[in-house]
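Structure first, then comments.
In what follows, every chain begins at residue 1, and chains take the letters A, B, ... in the order their sequences are listed.
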Amino acid sequence: MADYVFQKEKIEELLGGMAKNYEVHAPLLNAGIVRFGKVEEGGPALAKLDDYSNSSVPPKELLFPQTETLFRYRLGTGGIEPKVPDAGAKVAVFGIRPCDAQAFAIVDKLFGWDYPDPYFQNRRKSTVLIGLACSSPCSTCFCTSLGGGPTNDEYLDVAMYDLGNEIYLKTVTEKGDELCKSISDLLEEASPSHLEACQNQSKEAASKIRRSIDTNGIPEKLPALYDNPFWEQFSDRCLGCGICTYLCPTCHCFDIQDEVEVFDGRRARMWDTCMFEEYTRHASGHNPRPTRKERTRNRVSHKYSYFPTNFGVIACVGCGRCIKYCPVNIDIIDILEKSIAVEVKEAG
Amino acid sequence: MVDQGELRQKAKEVISREDVRRLIGWKRGTYGFEAAPAVIKDPSEADELVFDPTCVQNPASFVTLEEKPPLPRGVEPDLRKVGVFAKGCDSRALIQQMVEQAYERDHIVVIGIPCRGVIDHRKAEKLFGDVTPDLVEISGDKVVIEIGGEKREVAREDVLMAKCLRCRYPNPLISDVLVGGEVEKFADDDFSDVDEFEKKSPAEKWEFWEKEFSKCIRCYSCRNVCPMCYCPECVVTRLKPQWTRRSVDLSENTSYHIERSWHLAGRCIECMECERVCPMDIPIMTLNRKLTRDVKELFSYEPGTDVEASPLLTSYNPQDPEEYIM
Ligand code: SF4
Ligand code: SF4
Ligand code: SF4
Ligand code: SF4
């Protein structure tokens, strides 16, 4: 694998070069919010690389959009028009953080499970991830507790380091190599001093992570708290909103609805969340998760117990968004720490 | 500065009462510039409670947010009272909830807490970064913030919520118990923010809202946190019939925001919780403020200021202006 550098001021030129062969997505600044989107002329401006630590909405929306047409149908003309994305398309995601890339590897398991989901999987196949190492993590980040880290390149195709005036670039996979070759005329060779600067940045960034959780024993402990009043100390103040799940890079629940016009319509899926009351409401009106207590329990247990039981990995990458954006300070690290401390009486 | 000992003592007295089953206040958050709402059920928990300018959340929201699932046969519902802390603006929410008969006056025990302003975490983070202060207090016309042992004084405008800078009701309008002494009104509300926005042309306004509404992810946090949004089933998420689609796009998002702001006309008490919680920084108050002013100017009505008042939309005065209808 190869390494390169380019001048930071030439980012737009670089993305322009990439756009010749790829559809380029990058963090954009839209009315004060940083969010990934397609780089287009006349569209929102590119966010500066030091404008964001984590984008407000995780880039999961590129592979799993909040609202997505599955197929369209029209009366009389017979048949349906599927909207499955093309697996052969070439999409480059520029500036994704290591934790958000790690989340893709977690969600892969779900979308490739009993029903391989062509919508997600085709996009995933066609996407090259050009990651950006974090140099100043948020106060809510705890990626190092979940097998990641601010400079982890394990789930990336290309890893970038912001070295001030220059960006250092290292290819990790063949897909990444191919992309870099396609823009090689815009890249310069890296020197050993660049590599050294990156290694220093790695050490420094990891030492800036302020929060952590020891996940040992948590997947086993949470089911024992199923009926425990433990959850109320958090759920009593929970608003039951969509923030912590919609903004979580590993949350993947969706609803499917038909949107019918007079002669045509579409079947679409849209993000759903276990924090909403109607998520588990039956047609009869009965709701097996009648209060936010059961919903809070489900969110945390799904991530830290059910998902690891089914797929062998915790469905959290420690990006901290659920902590940062919860308006009532429901802090998943706090919940997990307290869950370990509760004593559970043996049944019987 | 409110005496935390007095606050906890009074809270303890309220939660110890036989006829009170829970008490809503604030406790320290785990990080950052905001406290966490606290719902306590036992006198031993009263020592967690605090009050300072980080206590932004409106406790009135949690009175109506509480869910009452169907009880097993033979189990009687616990109908005892709810204790609730209230700053000036929070007390207006409680009053408006009672005006709308969400519950009766004797359902709640109000611990009033005169307030000199609360922190806007967006402003504070812009000034101080992603840090957790050791201390935040208001001293004279300054806000004192201590971070890492270092004290800094800043002007109120720089860190307090916009509502506090125009607050006419810093003292709770109702209370059964009062913590601390009354404070002086900070300023009058001249609606200059609304005037400013109204200078835009219709095209500019539309361009503004198009940008803002297209950011909305419809997490409904703004609705859920609102002390006046307590309908058992919201028209926006109703499934049978479905008035607003679940798809998230400019059209459905606009529909959501117009529905919500109209449903709050003459009801919004301007606690700013909706705007505070929005993860997409959508200036929801810009809509609410316009309706607040219209309601005030057209009908001389100010919601949440009088427990004996009738809701605006159920009261009729032959002198009401009718230009809109005629
Ligand atoms: S659970 Fe929270 S910290 Fe973990 S990945 Fe999701 S949003 Fe990030
Ligand atoms: S935990 Fe916080 S973000 Fe999540 S649903 Fe509850 S209030 Fe909303
Ligand atoms: S809180 Fe913000 S993003 Fe969420 S529904 Fe309200 S306006 Fe939309
Ligand atoms: S609309 Fe906003 S400001 Fe008005 S009462 Fe509701 S949360 Fe408070």
Side-chain angles (χ1 to χ4, degrees), chain A residues 30-33 35 44 53 56-57 61 65-69 136-140 210-211 232-233 235-247 255 257 259 266 268 270-273 275-278 281 286-287 290-294 321 323-331 333-334, chain B residues 22 24 27-32 34-41 45 56-57 59 61-62 65-70 122 129-132 208 211-212 214-215 217-226 232-233 237-240 242 245-249 252 273 276-283:
Chain A
N30 193 353
I33 290 290
R35 189 165 173 175
S53 302
S56 300
V57 182
E61 64 175 335
Q66 179 159 20
T67 308
E68 171 170 40
T69 306
S136 42
C138 305
S139 67
T140 41
R210 285 172 259 175
R211 302 204 56 190
E232 287 167 21
Q233 58 186 303
S235 64
D236 275 342
R237 67 175 186 273
C238 172
L239 306 170
C241 68
I243 293 182
C244 54
T245 46
Y246 282 0
L247 299 187
D255 187 14
Q257 301 213 344
E259 295 186 346
R266 68 164 175 171
M270 43 289 278
W271 292 352
D272 199 354
T273 160
M275 299 311 290
F276 285 170
E277 186 271 341
E278 64 267 30
R281 195 202 302 149
H286 171 68
N287 195 336
T291 70
R292 283 179 285 274
K293 174 185 168 189
E294 294 80 15
R321 285 185 182 89
I323 305 176
K324 180 168 174 182
Y325 293 104
C326 175
V328 291
N329 190 238
I330 292 178
D331 181 328
I333 301 178
D334 183 41
Chain B
R22 52 164 62 196
I24 307 158
K27 61 181 177 185
R28 282 273 161 265
T30 56
Y31 76 99
E34 287 182 356
V39 180
I40 68 166
K41 296 164 186 169
E45 297 167 290
V56 289
Q57 296 93 352
S61 308
F62 302 91
L65 259 175
E66 189 185 352
E67 287 160 303
K68 308 232 167 66
R122 292 184 179 87
D130 181 9
V131 294
T132 301
F208 176 87
K211 242 190 174 161
E212 294 297 340
S214 54
K215 292 191 300 185
I217 55 167
R218 301 260 295 284
C219 64
Y220 297 130
S221 199
C222 51
R223 176 197 67 185
N224 293 12
V225 80
C226 174
E233 187 163 29
T237 38
R238 198 161 178 180
L239 295 169
K240 280 190 299 186
Q242 191 176 43
R245 283 178 172 166
R246 198 159 200 181
S247 14
V248 173
D249 54 34
E252 300 309 297
E273 278 291 86
R276 178 186 71 84
V277 305
C278 178
M280 297 292 118
D281 288 359
I282 296 170

Can you tell which part of [X] gets under 4.5 Å to a heavy atom of chain B, answering side chain, backbone, both or neither?
| X | result |
| --- | --- |
| A:Asp272 | both |
| A:Ala268 | neither |
| A:Cys326 | neither |
| A:Ile333 | neither |
| A:Arg292 | both |
| A:Asp334 | side chain |

Indicate yes or no: at least one non-hydrogen side-chain atom of [X] is less than 4.5 angstrom from one of [Y].
| X | Y | value |
| --- | --- | --- |
| A:Arg35 | B:Ile217 | yes |
| A:Leu239 | B:Ser221 | yes |
| B:Glu67 | A:Pro290 | no |

So, B:Ser247 and A:Glu259: side-chain donor and acceptor under 3.5 Å apart, yes or no?
->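 Short answer, yes.
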
Shortest non-hydrogen separation from B:Asn224 to A:Gly240 and the atoms involved |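 What the structure gives for the nearest pair is ND2-O, 2.9 Å.
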
For B:Val248 against A:Thr67, the heavy-atom pair lying closest together |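 Taking every non-hydrogen atom into account, N-OG1, 2.9 Å.
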
